[in-house]
Amino acid sequence: MSNIADGDVLTLTEAARLIRVSDKTLGDMARTRRIPSQKVGREWRFLRSALETWLSGEDRPAPTSALVREAATQYELPLTGFRDTAFTENRNQALHRWVPWIAGFSGSFVEGVLNEFGGKHRRLRVLDPFAGVGTTLIESLRRGHEAVGFEINPYAAMACRAKVRVGNYDLDQFQTAIGRFDDFADEKLWLDEAPSFAPPPGFKSRVPFFSPSIERQVLACLDFIHHDTADWVKELFQIAFGAVMVSFSNYSYEPSLGTRAGAGKPNVEHADVVAVIKRKLNEMAEDIASFQEELSEHGDLPAAVVHPLSYLEHSDRLEPHSIDVLITSPPYLNNYHYIRNTRPHLFWLGMVQQTADLKEIECRSFGQFWQTVRTGPEVPLQPDLPHLADLIDELRGRHAEKGAYGGPGWANYAATYFNDCQRFCAQTRERMRSGGTVVAVIGNNILQGIEFKTDRLFAEIAEGEGFRCVRFHEVRSKRTGNSIVNSSVRSDAVTQRVKLYETAVELRAA
Ligand SMILES: C[S@@+](CC[C@H](N)C(=O)[O-])C[C@H]1O[C@@H](n2cnc3c(N)ncnc32)[C@H](O)[C@@H]1O
């Protein structure tokens, strides 16, 4: 409450005067929760700033179905403990900082959700079907809950699995390996011997991914990693290498992976690769120590499982009605390409050998990608939502002359995406216990200048599959990543005018 300014808290009469209604009307609105308000003892109090936002209409949801409309009347400003979802906060937090992940959410967001759903007093079974690098799972374990995750990207899945196993690692053994890595750098790295490791043959890049002096060091480091360590240690070294490899390459994230030259940056000709990896390893060792200490307070360690698989195809690994809380952020309808953006990691760590391997993962990903579905016959929309069908038809008609590169291609992508939303909701309903809660963070999107309120549409689809939409929490009213929807193929003047937001959609398994 520290940032409430003097005069920001209003009585009923003051608030009624501000918005020019009678005391009685405002009292009725407060009682029926149609306006942001709090009861303090027997009296109502209002925040001037909340009233102003409400009055401006900026935060008003645009519900479409009757059920979603009912949920929307319970719309709350983010007072409920749900905090900003941005992953940025994770960059400085133990364990979360190991691997940055686009559109990951923050640890404190997950904490807020778990606190809200009674998790303080009993052990919950928490699921994240799109686990990314494990924010939900780590925060669940930290509070003594059981955690299950699915993640289709092999590099993210490896990071996720390594993090949930942190409690079992032998820190001394890891630190000894870091010491050996140091010795290797002193003794061997600069010898003339050619490393036995070779660049992955299937990996193609527009400009050399690493400059020559850097590539030589990288190959020597990968030699060390592959030959000199126990499996779990090797995995931690691979995660560290993956987390920093782009920083000494001729590519950068903007937020998609592109050449440094394309972003107006000079190539990286020289770098001390070992020093960069070692810094990451030391950070990881520090986090292992602190997390182990934290976990030791729980007595017995809660179970955590990570399936490096597509949830859509393998949700039956979970027993029916076994999940209490699901906290996730599925891929957005913005065509952010998780697979392409981790191509270097997947190839250089030997997780894929050829482009066809990437394609296979792409086709199993939630919503797929514009690149995988734009051609081919029209994809029919499966959810029975006439207004969504109309929107997709409108999209299909935009720049139709461009075929796969215009509306028809994007309409195929949107239909595939919403079909997967339906598949996801139907399968998830089977896995949730009755009364269980789903919190899915999802944002609106713009395709060919048409706005898709993905959060509302997702909620409507969920309601058709046995969920009740309880609330929409607007967790971020402005988000980054515009460049993804603004790229040349997709740009449209309208894009600039639509506000991008993120909502935590709260559903209850009916
Ligand atoms: C928005 S990110 C989630 C990030 C996560 N909340 C975190 O903090 O790290 C969505 C994730 O879903 C994964 N994904 C996409 N399709 C999937 C599928 N069918 N099954 C499992 N994971 C999938 C992507 O690889 C990506 O890591």
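Computed from a predicted structure; not experimentally measured.
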J.: Do other residues, nucleotides or ligands put more than 12 heavy atoms under 6.0 Å from E269 CD?
T.: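 Counting neighbours around CD of E269, more than 12 heavy atoms of other residues, nucleotides or ligands fall under 6.0 Å, so yes.
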J.: Determine yes or no for a side-chain-to-main-chain donor-acceptor pair under 3.5 angstrom, with S211 supplying the side chain and S213 the backbone.
T.: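 Between the backbone of S213 and the side chain of S211 there is no qualifying donor-acceptor contact (under 3.5 Å).
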J.: I'd like to know if the side chain of S296 reaches the main chain of E293, judged simply by a donor and an acceptor atom lying under 3.5 Å from each other, with no hydrogens or angles considered.
T.: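 Yes; at least one donor-acceptor contact below 3.5 Å.
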J.: Between H314 and F150, does the ring centre distance come in under 6.0 Å?
T.: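 Centroid separation for H314 and F150: 6.0 Å or greater.
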J.: Measuring only between side-chain heavy atoms, which start at C-beta, is Y338 closer than 4.5 Å to W101?
T.: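 In short, these two side chains touch, coming nearer than 4.5 Å.
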J.: Can you classify the ring geometry of F203 versus W348 as parallel (below 30°), tilted (30 to 60°) or perpendicular (above 60°)?
T.: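 The arrangement is perpendicular - the two ring planes meet at more than 60°.
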J.: Filter on side-chain hydrogen bond (donor to acceptor under 3.5 Å, both in side chains), then keep only pairs touching residues 230-243, sequence neighbours left out; what's left?
T.: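 Every pair satisfying side-chain hydrogen bond (donor to acceptor under 3.5 Å, both in side chains) with a residue in residues 230-243: R161-E235.
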J.: Ignoring hydrogens and geometry, is there a side-chain-to-backbone donor-acceptor pair from E506 to V438 under 3.5 Å?
T.: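 Side chain of E506 to backbone of V438: no pair is present.
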J.: Which heavy atom in A131 sits nearest to a heavy atom in G149, and how many Å separate them?
T.: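 Result for this residue pair: CB-CA, 4.2 Å.
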J.: Taking all atoms of both residues into account, what is the closest heavy-atom pair of I288 and V166, and its distance?
T.: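 The pair with the smallest heavy-atom distance is CA-CG1, 4.0 Å.
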J.: Does NZ or CZ of R374 lie under 6.0 Å from the centre of the six-membered ring of Y405, at an angle within 45° of the ring axis?
T.: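 Ring-cation test returns yes.
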J.: Assess the residue pair E139 and H96 against the criterion (side chain to side chain donor-acceptor pair (under 3.5 Å)); give the C-alpha distance rounded to whole Å, side-chain angles, the decisive distance to 0.1 Å, and a yes or no.
T.: CA-CA 10 Å; E139 290 303 317; H96 295 311; 2.6 Å; yes
J.: Does a side-chain heavy-atom distance below 4.5 Å link L114 with S140?
T.: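 Yes; the side chains approach each other to less than 4.5 Å.
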J.: Would you name the heavy atoms of L137 and V164 that are closest together and state the gap between them?
T.: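 In this case the closest contact between L137 and V164 is CB-CG1, 3.8 Å.
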J.: Test side chain to side chain donor-acceptor pair (under 3.5 Å) on N444 and E451 and set out the steps.
T.: CA-CA 7 Å; N444 64 334; E451 184 191 9; 2.8 Å; yes
J.: Of all the heavy-atom pairs spanning P154 and L346, show the shortest one and how long it is.
T.: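 In this case the closest contact between P154 and L346 is CD-CD2, 3.8 Å.
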J.: Heavy atoms only: give me the nearest V133-V99 pair and the separation to one decimal.
T.: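 Of all heavy-atom pairs spanning V133 and V99, the closest is CG2-O, 3.7 Å.
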J.: Does the side-chain contact (heavy atoms from CB on, under 4.5 Å) test come out yes or no for D128 and I327, once each step is laid out?
T.: CA-CA 6 Å; D128 187 345; I327 307 172; 5.9 Å; no
J.: Within the side chain of T372, is there an N or O that forms a donor-acceptor pair under 3.5 Å with the backbone of Q368?
T.: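 Between the backbone of Q368 and the side chain of T372 there is no qualifying donor-acceptor contact (under 3.5 Å).
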J.: Just by distance, do the side chain of R260 and the backbone of P266 share a donor-acceptor pair under 3.5 Å?
T.: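 Between the backbone of P266 and the side chain of R260 there is a qualifying donor-acceptor contact (under 3.5 Å).
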J.: Are the side chain of R398 and the backbone N or O of E394 linked by a donor-acceptor pair below 3.5 Å?
T.: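 Looks like no, no N/O pair under 3.5 Å.
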J.: Give me the ring orientation class for F366 and F424: parallel if the planes are under 30° apart, tilted from 30 to 60°, perpendicular past 60°.
T.: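 Rings of F366 and F424: perpendicular, over 60°.
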J.: Just do the side chain to side chain donor-acceptor pair (under 3.5 Å) check on E254 and S256 with the steps written out, would you?
T.: CA-CA 5 Å; E254 306 288 337; S256 291; over 6 Å; no
J.: L500 and Y332: side-chain contact (heavy atoms from CB on, under 4.5 Å), yes or no, with the steps?
T.: CA-CA 12 Å; L500 292 177; Y332 289 5; over 6 Å; no
J.: Measure from the side-chain N and O atoms of D420 to the backbone N and O of G367, and report whether any donor-acceptor pair falls under 3.5 Å.
T.: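 Answer holds: yes.
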J.: What orientation do F237 and F181 show, parallel under 30°, tilted 30 to 60°, or perpendicular over 60°?
T.: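 Correct class here is perpendicular.
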J.: Given side chain to side chain donor-acceptor pair (under 3.5 Å), test Q371 with N335 step by step and report yes or no.
T.: CA-CA 9 Å; Q371 291 84 345; N335 203 38; 3.2 Å; yes
J.: Kindly indicate whether the side chain of F347, heavy atoms from C-beta on, has any atom under 4.5 Å from the side chain of T342.
T.: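 With C-beta onward as the side chain, the pair stays apart.
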J.: Output yes when K359 and E362 qualify as a salt bridge under the 4.0 Å nitrogen-oxygen rule, no when they do not.
T.: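 Here K359 does not pair with E362 in a salt bridge, since their nearest N and O are not under 4.0 Å apart.
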J.: Counting distance only, does the side-chain N/O of E151 pair as donor-acceptor with the main-chain N or O of N153 below 3.5 Å?
T.: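 Such a contact is found between E151 side chain and N153 backbone.
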J.: Please assess L326 against V126 for the test side-chain contact (heavy atoms from CB on, under 4.5 Å), listing each intermediate value before the final yes or no.
T.: CA-CA 6 Å; L326 183 154; V126 183; over 6 Å; no
J.: Evaluate the side-chain contact (heavy atoms from CB on, under 4.5 Å) criterion for residues V441 and T328: first the C-alpha distance (whole Å), next the side-chain angles of each, then the deciding distance (0.1 Å), finally the verdict.
T.: CA-CA 6 Å; V441 175; T328 199; over 6 Å; no
J.: Answer yes when E460 and R456 have at least one side-chain N-carboxylate O distance shorter than 4.0 Å, and no when they do not.
T.: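 Result for this pair is no, no salt bridge flagged.
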J.: Below 4.5 Å, heavy atoms only, C-beta onward: do Y169 and Q292 meet side chain to side chain?
T.: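 The answer is yes; the side chains approach within 4.5 Å.
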J.: Which atom names give the shortest non-hydrogen contact between G376 and N412, and what distance separates them?
T.: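 In this case the closest contact between G376 and N412 is O-ND2, 3.8 Å.
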J.: Keeping N419 on the side-chain end and L381 on the backbone end, is there a donor-acceptor pair under 3.5 Å?
T.: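 A pair under 3.5 Å: no.
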J.: Indicate yes or no: does E111 engage R142 in a salt bridge with an N to O separation below 4.0 Å.
T.: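 The answer is no: the pair does not qualify as a salt bridge.
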J.: Listing request: all ring-ring contact (aromatic ring centres under 6.0 Å, His included) pairs with a residue in residues 249-296, at least two apart in sequence or in separate chains.
T.: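 Sorted result for residues 249-296: F209-Y251.
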J.: Could you pull out every donor-acceptor pair under 3.5 Å between side chains of residues 239-246 and any protein atom, sequence neighbours left out?
T.:
none

J.: Say whether Y311 and T428, considering side chains only, have a donor N or O and an acceptor N or O under 3.5 Å apart.
T.: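 On atom types as modelled, these side chains qualify, holding a pair under 3.5 Å.
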J.: Taking the side chain from Q217 and the backbone from V273, do they hold a donor-acceptor pair closer than 3.5 Å?
T.: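 Confirmed, Q217 side chain pairs with V273 backbone.
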J.: Would you indicate whether the side-chain heavy atoms of L309 and I152 approach each other to under 4.5 Å?
T.: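 No - every pair of side-chain heavy atoms lies 4.5 Å or more apart.
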